[in-house]
Amino acid sequence: MVREINENELNELLELYLYLHEDSVPERTERLTDVWRQIVADRNHHIVVNEVEGRIVSSCVCVVVPNLTRNARPYALVENVVTHGDFRNMGYATECLAYAREIAKRENCYKIMLLTGAKDERTLRFYKNAGYNSNDKTAFIQWIK
């Protein structure tokens, strides 16, 4: 079942992020709790999850960004697309991305952007099959340390 995350599911999400790029579950510090509360309270920040038999197995983040161009239509950013290793290639992440697209449509976004650091052709094909393309824009990233 694809849905938005519940406030009490932070621990499950952090465990799932071990399959993204994290090497450990972060300590439940006051800063982490404050960030979580900020995310949950932000009507433009959506954490989409796919639940199978009561367990969160896939997720993505969809952030709607207010915008003054394009007739004041917002755009959406998708990040942190992840699926538990035991549940890959079953369509769960595709369902999360489709749900994020519905959020963007509902919010009248004119585009959705997604960046990936993946170079693996299967992963790139996955995003293309989900409706994304790498032809229209050039992405640049500046890491801030």
Side-chain angles (χ1 to χ4, degrees), residues 1-26 31-144:
M1 171 178 72
V2 182
R3 59 177 173 77
E4 292 199 47
I5 199 163
N6 295 315
E7 186 171 357
N8 65 341
E9 295 176 314
L10 174 59
N11 287 339
E12 283 186 77
L13 183 65
L14 294 176
E15 290 283 339
L16 181 62
Y17 281 169
L18 292 173
Y19 293 91
L20 186 61
H21 49 64
E22 300 300 314
D23 56 8
S24 65
V25 175
R31 171 152 169 66
L32 182 74
T33 301
D34 287 345
V35 169
W36 179 242
R37 285 187 186 128
Q38 181 182 352
I39 289 170
V40 169
D42 185 348
R43 69 173 289 286
N44 288 319
H45 199 132
H46 306 269
I47 299 179
V48 177
V49 297
N50 204 332
E51 177 186 328
V52 176
E53 297 178 5
R55 180 178 181 189
I56 294 173
V57 300
S58 190
S59 179
C60 72
V61 172
C62 177
V63 178
V64 176
V65 180
N67 181 39
L68 294 173
T69 66
R70 303 284 180 159
N71 207 19
R73 290 179 66 192
Y75 56 91
L77 301 171
V78 170
E79 266 290 329
N80 296 340
V81 180
V82 61
T83 300
H84 187 287
D86 296 339
F87 294 87
R88 292 197 172 143
N89 301 308
M90 298 179 186
Y92 297 124
T94 299
E95 291 174 354
C96 286
L97 290 176
Y99 194 98
R101 179 178 167 81
E102 290 306 312
I103 291 170
K105 286 170 67 174
R106 180 185 73 219
E107 297 297 325
N108 196 33
C109 293
Y110 76 94
K111 70 178 176 183
I112 303 175
M113 293 186 288
L114 179 150
L115 297 174
T116 182
K119 306 294 184 226
D120 177 33
E121 189 55 42
R122 289 175 300 176
T123 303
L124 301 178
R125 190 169 37 255
F126 162 72
Y127 289 125
K128 288 177 184 175
N129 289 340
Y132 294 86
N133 78 73
S134 58
N135 302 324
D136 294 343
K137 296 271 185 176
T138 301
F140 292 91
I141 295 176
Q142 184 178 88
W143 296 103
I144 300 171

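For the numbers below, each heavy atom of this structure counts, side chains included, while hydrogens, waters and symmetry mates do not.
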Sole candidate of Leu77, Ile141, Val78 that passes side chain to side chain contact (heavy atoms under 4.5 Å, CB included) when paired with Leu115: Ile141

Between Leu13 and Trp36, is any pair of side-chain heavy atoms under 4.5 Å apart? yes

Can you tell me if Asn67 uses its side chain to pair, donor with acceptor, with the backbone of Arg73 under 3.5 Å? yes

Crowded around Arg122 CZ? As in, over 12 foreign heavy atoms under 6.0 Å? no

Please test Val61 against Val48 for side-chain contact (heavy atoms from CB on, under 4.5 Å), starting from the C-alpha separation and ending with a verdict. CA-CA 6 Å; Val61 172; Val48 177; over 6 Å; no

Side chain Ser59, main chain Val82, donor-acceptor under 3.5 Å: no

From CG (Asp86) to OG1 (Thr83), nearest 0.5 Å: 11.5 Å

If you measure from CG on Asp136 to NZ on Lys111, what distance do you get to the nearest 0.5 Å? 9.5 Å

Trace of the side-chain contact (heavy atoms from CB on, under 4.5 Å) decision for Val81 with Tyr127: CA-CA 10 Å; Val81 180; Tyr127 289 125; 3.5 Å; yes

What do the steps show when you test Ile112 against Tyr132 for side-chain contact (heavy atoms from CB on, under 4.5 Å), and what is the final call? CA-CA 8 Å; Ile112 303 175; Tyr132 294 86; 3.4 Å; yes

More than 12 heavy atoms of other groups within 6.0 Å of Arg101 CZ: no

Would Leu14 and Leu32 count as a side-chain contact (heavy atoms from CB on, under 4.5 Å) here? Give the steps. CA-CA 11 Å; Leu14 294 176; Leu32 182 74; 3.9 Å; yes

Is there a side-chain contact between Met1 and Val49 (heavy atoms, below 4.5 Å)? no

Does a side-chain N-to-carboxylate-O contact under 4.0 Å join Asp34 and Arg37? yes

Around atom CZ of Arg70, are there more than 12 heavy atoms of other residues, nucleotides or ligands at under 6.0 Å? no

Quick test of your reading of the model: are Glu95 and Arg3 salt-bridged, counting only N-O distances below 4.0 Å? no

Please check if atom CD in Glu7 has more than 12 non-hydrogen atoms from other residues, nucleotides or ligands closer than 6.0 Å. no

Please check: side-chain N/O of Asp42 versus main-chain N/O of Asn44, any donor-acceptor pairing under 3.5 Å? yes

Less than 4.5 Å apart, side chain to side chain, heavy atoms only: is that true for Val25 and Tyr17? no

If you measure from CD on Glu9 to CG on Asn6, what distance do you get to the nearest 0.5 Å? 4.0 Å

Approximate separation, where rounding is to 0.5 Å, of Thr33 OG1 and Gln38 CD: 12.5 Å

Within the structure provided, determine whether Glu12 and Glu15 are in side-chain contact (heavy-atom separation under 4.5 Å). no

Judged by atom type as modelled, is there a donor-acceptor pair below 3.5 Å linking the side chain of Asn133 to the main-chain atoms of Asn135? yes

Determine whether a donor-acceptor pair (N or O, by modelled atom type, separation under 3.5 Å) exists between the side chain of Asn50 and the backbone of Tyr92. yes

Under 30°, 30 to 60°, or over 60°: which ring-plane class applies to Tyr19 and His84, parallel, tilted or perpendicular? tilted

Quick check: are there more than 12 heavy atoms from other residues, nucleotides or ligands sitting under 6.0 Å from CG of Asn89? no

Just verifying a value: how many Å separate Leu16 CG and Ser58 OG, rounded to the nearest 0.5 Å? 7.0 Å

Closest heavy-atom pair, Cys96 versus Cys60, reported as atoms and distance to 0.1 Å, is O-SG, 3.7 Å

What's the separation between atom SG in Cys62 and atom CD1 in Ile47, rounded to the nearest 0.5 Å? 11.0 Å

Does this structure show an ion pair linking Glu107 with Arg43, if we count only N-O contacts that are shorter than 4.0 Å? yes

What closest approach, in Å, do Leu97 and Ala130 show between heavy atoms, and which atom pair accounts for it? CD1-CB, 3.8 Å

Quick check: do Glu51 and Val57 have side-chain heavy atoms less than 4.5 Å from each other? no

